[in-house]
Protein chains: 2
Amino acid sequence: MAKYSKIPEATVRRLSNYLKCLDELESKNEKVVSSATLAAMCNVNPAQVRKDFAYFGEFGVRGMGYRIKDLKNHIKDILGINREWRIAVVGIGNLGSAILVYKDFLKQNYKIVAAFDIDPVGVTGRISERLGKPVEILHVDSLKEVVKQRNIEIGIITVPPQEAQKVADLLVEAEVKGILNLSPVPVRAPEHVKIRNLFFTSALDSLVYYLSK
Amino acid sequence: MAKYSKIPEATVRRLSNYLKCLDELESKNEKVVSSATLAAMCNVNPAQVRKDFAYFGEFGVRGMGYRIKDLKNHIKDILGINREWRIAVVGIGNLGSAILVYKDFLKQNYKIVAAFDIDPVGVTGRISERLGKPVEILHVDSLKEVVKQRNIEIGIITVPPQEAQKVADLLVEAEVKGILNLSPVPVRAPEHVKIRNLFFTSALDSLVYYLSK
DNA sequence: TATTGTGAAGCCTTTCACAGCA
DNA sequence: TGCTGTGAAAGGCTTCACAATA
């Protein structure tokens, strides 16, 4: 099987999920896992798991399963998260400051290296106090400059909806490669900048659809 | 076309997205939208849009498009969000308190009617101050009782990862129908309780995969 | 005329079933 | 023996292309 060839979008989503389950197994000191076990943990079919892994070569051990440590590394290689990714958060309100200190980012190679707000002075004190340490919040006006200085490749948008598209435009201008939008309106960008809109209400909507039956 | 028959999962996801775009159009005073326009906004194929809407009958107007107001109502009916859904948030840290005041929930029929923490006394003052109004935070020990008293059907988990599964178990015991898990480890529940795990890092992972090419 | 609604084709994804191998 | 890797079958979803019609 060709290594690192085109991988279906659905597989990409699952790979990220497998990682979370592998972390869980690792924390229980498991060294090896079978496709059946992992499949049960992730609610997918065992053959699906094997097919997903087959996209990056043969390295399971027949009769035994997959070595968790190796598997994690392979998946991270595929996803491109074996290196550090430098991130800016724009909009340091309640959600933004939660993201700023979100522990799971630190465990991954996701580094938040800049935080922007339209009112950095007003926000700085409040946030520093909440976090119990001084935090540097910069004015949005300096975004373009700072993004370039600090080699930031990804922007996370946590501003109010009416500002979201403006901030997206700013980030595009600053030449980030990708945007994760957590504000509740879709934002758009030119082809060369990848966008992920993540709506909390959409997660609830699809949950509710299945509850309603 | 049979009304409200089985709808593909992918369609359900898109319906929720169309809603967000329809809100946007409505805020610009548009009354009617064509499948082509909506498709462009949502990055899908126009035929896809029409097929998605065809699941709940024929009600577009040929030569003209879909009436936005009607369309929104139809979609909400399908998803089951035309009625109020009562929600509890468990874990009032940074993320939990951001969710507590997340404005987009208020605009939908999602009502957060209880907030729980393991340290309600410590948290209450801090949060009330941040929100500028008194907020009632309850001890997790009272969860089961309060969930029943207040007819809560959905729980949102925003506790640290090591507590997430315990809280999920509590919610199941309290007989919620669905759980939205925002903590960074997958949680599990019996078949009859629907789970949505929403990981911020997974959104970044899939973004990064496409950035890495 | 413009745009919907939809059968049919095409494509992609999942699952099955079993050969292959440690 | 137990579990992976995978061709083939089945299933599901998306897109095309055009008839239908306001």
Side-chain angles (χ1 to χ4, degrees), chain A residues 1-18 21-22 25 30-72 74-75 78 206 209-210, chain B residues 1-18 21-22 25 30-72 74-75 78 206 209-210:
Chain A
M1 169 82 41
K3 269 201 161 191
Y4 298 75
S5 57
K6 193 185 144 280
I7 292 179
E9 176 145 4
T11 295
V12 172
R13 260 205 308 280
R14 281 190 300 266
L15 286 177
S16 176
N17 252 273
Y18 296 146
C21 292
L22 291 171
L25 287 165
E30 300 290 332
K31 300 298 179 210
V32 163
V33 68
S34 69
S35 58
T37 304
L38 194 54
M41 292 179 76
C42 296
N43 267 308
V44 296
N45 180 295
Q48 181 78 82
V49 171
R50 298 197 294 275
K51 268 268 155 77
D52 285 340
F53 294 165
Y55 281 107
F56 42 102
E58 283 181 39
F59 69 101
V61 184
R62 292 175 196 226
M64 169 187 157
Y66 300 85
R67 277 181 238 281
I68 292 176
K69 200 159 149 259
D70 294 355
L71 185 52
K72 279 181 64 177
H74 274 281
I75 295 177
I78 288 261
S206 94
Y209 172 76
Y210 293 101
Chain B
M1 170 79 44
K3 271 200 157 189
Y4 298 76
S5 58
K6 194 184 144 280
I7 292 179
E9 175 143 7
T11 295
V12 173
R13 261 205 307 279
R14 282 191 301 267
L15 287 178
S16 176
N17 252 273
Y18 296 146
C21 291
L22 292 171
L25 288 165
E30 300 289 334
K31 300 299 179 210
V32 164
V33 68
S34 70
S35 57
T37 304
L38 195 54
M41 291 179 77
C42 297
N43 268 309
V44 297
N45 180 295
Q48 181 76 81
V49 171
R50 298 196 294 275
K51 267 270 154 77
D52 285 341
F53 294 166
Y55 281 107
F56 41 104
E58 282 183 39
F59 70 100
V61 184
R62 291 174 198 227
M64 169 187 157
Y66 300 85
R67 276 181 239 282
I68 292 176
K69 199 160 150 261
D70 293 355
L71 186 51
K72 280 181 62 177
H74 275 281
I75 295 177
I78 287 264
S206 96
Y209 172 76
Y210 293 101

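Note: hydrogens, waters and symmetry copies are ignored here, and every other heavy atom, side chains too, is used. Labels below follow one simple rule: chain letters A, B, ... track the order of the sequence lines, proteins then strands, and each chain is numbered from 1.
For residues 58-72 of chain A, the set of pairs meeting the side chain to side chain donor-acceptor pair (under 3.5 Å) definition, not counting sequence neighbours, comprises A:Asp23-A:Lys72, A:Glu26-A:Lys72.
Note: A:Tyr55 OH to A:Ile75 CD1 = 14.0 Å, rounded to the nearest 0.5 Å. With rounding to the nearest 0.5 Å, the separation of CD1 in A:Ile78 from CZ in A:Phe53 is 10.5 Å. Atom CG in B:Leu15 sits 6.0 Å away from atom CG in B:Asp52 (nearest 0.5 Å).
When rounded to the nearest whole Å, the span between CG of B:Asp52 and P of D:dT14 equals 7 Å. Protein atom CD1 of A:Ile7 is 17 Å distant from nucleotide atom C1' of C:dT14, rounded to whole Å. Residue B:Leu71 contributes atom CG, which lies 16 Å from atom P of C:dT3 at whole-angstrom precision. Taking atom CG on B:Asn43 and atom P on D:dT14, their separation rounds to 14 Å, with Å as the unit. Between the P atom of C:dC11 and the CD atom of A:Glu9 lies a distance of 19 Å, rounded to the nearest Å. Here the P atom of nucleotide D:dG5 and the NE2 atom of A:His74 are 11 Å apart, to the nearest Å. Rounding to whole angstrom units, CZ of residue B:Phe59 and P of C:dT4 are separated by 11 Å. The CD atom of A:Glu58 sits 10 Å away from the P atom of D:dG7 (whole-angstrom rounding).
Contact annotation: A:Tyr66 reaches the phosphate of D:dG5 (side-chain N/O to OP1 or OP2, under 4.0 Å). A close approach under 4.0 Å does not occur between any side-chain nitrogen or oxygen of A:Ser35 and OP1 or OP2 of D:dC3.
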Indicate for each nucleotide in nucleotides 15-22 of chain C, in 5' to 3' sequence, whether protein heavy atoms under 4.0 Å reach the base (B), only the sugar-phosphate (S), or nothing (-). BBB--BBB
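Of all heavy-atom pairs spanning B:Phe56 and B:His74, the tightest one is CE1-CB, 3.4 Å. Closest non-hydrogen pair, B:Ser35 versus B:Arg50, comes out as OG-NH1, 3.0 Å.
Scanning for side chain to side chain contact (heavy atoms under 4.5 Å, CB included) contacts around B:Ala10 gives B:Arg13, B:Arg14, with sequence neighbours left out.
Listed candidates were D:dG5, C:dT13, D:dC13. Nearest to the side chain of A:Pro8 is C:dT13.
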